[in-house]
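Input: a single structure, listed below in structure tokens.
Residue numbers start from 1 in every chain, and the chains themselves are labelled A, B, ... in the order their sequence lines are given, proteins ahead of strands.
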Amino acid sequence: MSELTLVEAINDAFHTELARDDSVLVMGEDVGRAGGVFRATAGLRDKFGAERCVDTPLAEAGILGAAVGLCMAGWRPVCEMQYDAFSYPCLDQLITHVGRYRWRTRGAMDFPLVVRMPYGGGVRAPELHDDSPEAYYAHTPGVKVAIPSTPADAKGLLAAAIRDPDPVIVLEPKLHYRTMRGDVPAGEHVVALGRARVARDGDDATIVAYGSMVPVAEAAAELLAEEAAVEVLDIRTLKPLDEEALLESVGKTGRAVIVQEAPRTAGYGAELAAILAEKAMLDLRAPVIRVTGYDVPYPYWQIEDAYMPSVERVVAAVRKTLEF
Amino acid sequence: MAQTLRVPGSHDLRRVIGDGEAIPDGEVEGLEERDLLELYRSMVLLRTYDERSVVFHRQGRIGTYAIFWNHEAMQAGSAYALEREDWIFPSYRESAIGLLRGMPVSTVLSWWRGHPAGWWNPLDYNVASICVPIGTHVPHAAGLAWGKKLRGESSCAVAYFGDGATSEGSFHEGANFAGVMRAPLILFCNNNQWAISTPLSAQTAAETLADKAVGYGIPGVRVDGCDVLAVFEATRDAVARARAGEGPTFIEAVSYRTAPHATADDPRAYIDLERVEEEKRRECLGRYEAYLRRAGVLSDELAESTRAEAAEALRSGIAAAEEEPPADVGLVFEHAYAAPPASFAAELAELRELLGE
């Protein structure tokens, strides 16, 4: 066990997994010589060679498309998309091929590829360095989606994604790459996909969150500690979702606030709310409330904090459910 | 030996087959009589497949079908230059190219019938799944070729796509990737000069599509796409380059689409029918047959028996496809994931109950 930042934990996962399985290959823009713009892949090129940590042309669709072919040749490629919004050109490959190729071969071929990217705002960056695109990915059949919120989970979920026989998208909260430290198990560490985590126990209300919103949810629960025992459920894997954990927590508390940084309409929070409407009707003591980003392009960074679901907004939403 | 023929308004095209008059026949070094006849058998099989498929469509026995009449020389000639270990990435225009790798006729017909029996295992034939969107398989072929090279294997890959695909970003990204990685890839462009109703002149301002290769730092060659021997020779050269570690080659095979884009298309609205008739007179199978006859390789009896063999393959192929048992609805939920999510079982159970199963 050692204390690492979130991005160091990702780097640790890479070193462990590349050493463990020589069919794992890392590819992307600036991942080799530079070690990635956030240094997530630092040291891999020196240790494993330029053929297993590949600097690619600047071509997101080409990267993911080539990764499909690499899978067919027996590799397990891990693709880095440099930023959330730079991944949009690869959606074509993702939707038309990545999520469909196993099905197209009637299960005869595996496509064990990973696409990982830094996501989310709060970092005072230029336009299109701040998006939360998880709904596009989660909506695509044939792919799985994981979003860690802690250094330990960042390592464990990436390891699970690399070992998974299906394509997995991992979105990493870039705001916390270096601002969050935590204990990370040394050596092999796998966090199974599809398992939520109770980040904080409580009986009165549940805040459901993932990725960068988990610390916001935890801070809100802490602020409310004198009024109510608020549970924080970090769902960790958006697809497959740990529905059981969601229903168990809300079954216990009867109140749910769902927090997502992404814009509101048709976001992943709507899916969570729909599941609660379908399956937890009799447990609910108040309407499910969503706290989300707004349905606007992610704003100019001087006023980006106004867009971000804040601790105050989450606290207000929880109070609303408590007072209903 | 390949010759070049000056086509008005166009650059030189590699050509081997003459016209029986002013243009003499050439020959391809290394091709023996049995090779020439194997190429002939392949072309006849593809032609028969295509012509019967149009009939099957009209009879309601297959769905919408993308016709490849007059494309047989490009497919048979290039595929014959490959080894079995080499990979083929077809577009829908090459839907039946697997037949040249021993894929049953019924498999391809099942694909066009929308039956799961048509979704083959690529590893059985080293033929990737049919790519329906335009050009998005080019990066796959680049990735596979690169991946094989990284593994120290000697196999190469061919990606087939049309002239319209060269306008797609995927084509560009795949070609560029292959160039940078020196991937053993053949980019085979079937330039039939039409993308549904859009002529080549509205597709590109480039003089030739082969010119695009320059931008990827790879050779681009132009070949008469209706000359199976020229196509074979150009592909064989490209395969040799690939195996020698010299990277990809772009082949622009020039032909003309004399049939509708697909069974749902009516080209009378946009095409010059006189030109179509003229091109039909130069169609690839007839030209090759005439070549073989001039060379004394093909007799009436052999031509007849080859056609009969292909017709029989189609007769038994459609029968086998139609004998496939109806697909079970359970397949809706299969194969999307290695391990299906728990929700699928409940959804299937509900569906079966509603269907009264």
Side-chain angles (χ1 to χ4, degrees), chain A residues 23 25 27 49 51-52 54-75 77 89-90 92-93 95-113 140-144 164-167 193-194 239-244 275, chain B residues 87 89 116-124 126 128-151 153 155 157 159 168-181 183 185 331-344:
Chain A
S23 67
L25 173 159
M27 61 193 287
E51 293 193 337
R52 289 186 64 205
V54 186
D55 281 322
T56 65
L58 214 165
E60 292 78 13
I63 291 168
L64 190 50
V68 169
L70 285 169
C71 289
M72 298 173 95
W75 292 93
C90 89
D92 177 9
Q93 281 293 328
I95 295 165
T96 56
H97 295 296
V98 171
R100 309 178 69 102
Y101 226 126
R102 162 187 289 282
W103 164 82
R104 213 176 261 156
T105 69
R106 297 183 68 192
M109 295 183 84
D110 285 340
F111 290 84
L113 64 85
T140 304
V143 303
K144 301 176 179 178
D164 199 89
D166 287 322
L193 297 174
K239 212 169 70 173
L241 172 68
D242 188 349
E243 208 175 280
E244 212 172 296
I275 289 168
Chain B
W87 274 72
F89 286 77
W119 275 256
W120 63 82
N121 176 359
L123 297 167
D124 286 346
N126 288 355
S129 305
I130 295 169
C131 186
V132 175
I134 303 302
T136 52
H137 58 317
V138 176
H140 306 167
L144 177 120
W146 169 39
K148 292 281 183 190
K149 183 182 138 181
L150 283 177
R151 289 201 169 284
E153 296 175 26
S155 48
E168 289 279 5
S170 302
F171 159 74
H172 165 70
E173 294 197 24
N176 185 54
F177 231 96
V180 170
M181 303 303 176
L185 175 67
L331 277 174
V332 166
F333 296 94
E334 276 183 44
H335 310 312
Y337 297 95
S343 57
F344 282 11

Exercise. Go through the atoms of A:L64 and report whether side chain, backbone, both or neither lie under 4.5 Å from a heavy atom of chain B.
Key: neither
Exercise. Just give me the residue among A:D164, A:L58, A:V54, A:T96 that pairs up with chain B most often, heavy atom to heavy atom, under 4.5 Å.
Key: A:V54
Quiz item: With chain B, which of A:P77, A:G74, A:A73, A:A108 has the greatest number of heavy-atom pairs at distances under 4.5 Å?
Solution: A:A73
Self-check item: B:R151 charged N/C atom sitting above A:W75 aromatic ring, 6.0 Å / 45°
Solution: yes
Practice problem: Using the test side chain to side chain contact (heavy atoms under 4.5 Å, CB included), find all partners of A:T140 that sit at least two apart in sequence or belong to another chain. | Solution: A:L94, A:I95, A:V143
Practice problem: Examine whether an atom of B:A141 lies under 4.5 Å from a heavy atom of chain A, and if so say whether it belongs to the side chain, the backbone or both; otherwise answer neither. | Solution: neither
Quiz item: Which heavy atom in A:V98 sits nearest to a heavy atom in A:L113, and how many Å separate them?
Solution: CG1-CD1, 4.1 Å
Exercise. Tell me, out of B:I130, B:L150, B:L331, who's got the most heavy-atom pairs with chain A below 4.5 Å.
Key: B:L150
Quiz item: Where does B:W120 contact chain A at under 4.5 Å (heavy atoms): side chain, backbone, both or neither?
Solution: backbone
Quiz item: Among A:R106, A:M72, A:K239, who wins on heavy-atom pairs under 4.5 Å with chain B?
Solution: A:R106
Quiz item: Do B:H335 and A:R104 have side-chain atoms, one donor and one acceptor, less than 3.5 Å apart?
Solution: no
Quiz item: In terms of heavy-atom proximity below 4.5 Å to chain B, should A:E60 be classed as side chain, backbone, both, or neither?
Solution: backbone
Exercise. List in chain and number order the residues that pass side chain to side chain contact (heavy atoms under 4.5 Å, CB included) with B:A342, two or more places apart in sequence or in another chain; answer none if no residue qualifies.
Key: none
Quiz item: Got A:Y101 and B:S129 here, is their nearest side-chain heavy-atom distance under 4.5 Å?
Solution: yes
Self-check item: Structural part of B:S170 lying under 4.5 Å from a heavy atom of chain A
Solution: side chain
Quiz item: Of the backbone (N, CA, C, O) and the side chain (C-beta and beyond), which part of A:M109 lies under 4.5 Å from a heavy atom of chain B, both, or neither?
Solution: side chain
Exercise. Let me know if A:D92 has heavy atoms under 4.5 Å from chain B in its side chain, its backbone, both or neither.
Key: side chain
Quiz item: How close do B:Y337 and A:G142 get, heavy atom to heavy atom, and via which atoms?
Solution: OH-N, 3.0 Å
Practice problem: With the side chain counted from C-beta on, respond yes when B:T136 and A:H97 share a heavy-atom pair under 4.5 Å apart, and no when they do not. | Solution: yes
Practice problem: Check for a donor-acceptor pair, side chain of B:K149 on one end and backbone N or O of B:M181 on the other, with a separation under 3.5 Å. | Solution: yes
Quiz item: Can you tell which of A:S23, A:P167, A:A59, A:A67 has the highest number of heavy-atom pairs within less than 4.5 Å of chain B?
Solution: A:A59
Quiz prompt | Under 4.5 Å from a heavy atom of chain B, the part of A:Q93 involved | solution = side chain
Quiz prompt | Per-residue contact mode, B:P116 against chain A (heavy atom under 4.5 angstrom) | solution = both
Quiz item: Around A:R52, counting heavy atoms of other residues, nucleotides and ligands shown, do more than 12 lie under 6.0 Å from its CZ?
Solution: yes
Practice problem: Specify which of A:A61, A:P165, A:G194 makes the most heavy-atom pairs with chain B at under 4.5 Å. | Solution: A:A61
Exercise. Could you have a look at A:L25, A:D110, A:I63 and say which one has the most heavy-atom pairs with chain B under 4.5 angstrom?
Key: A:I63
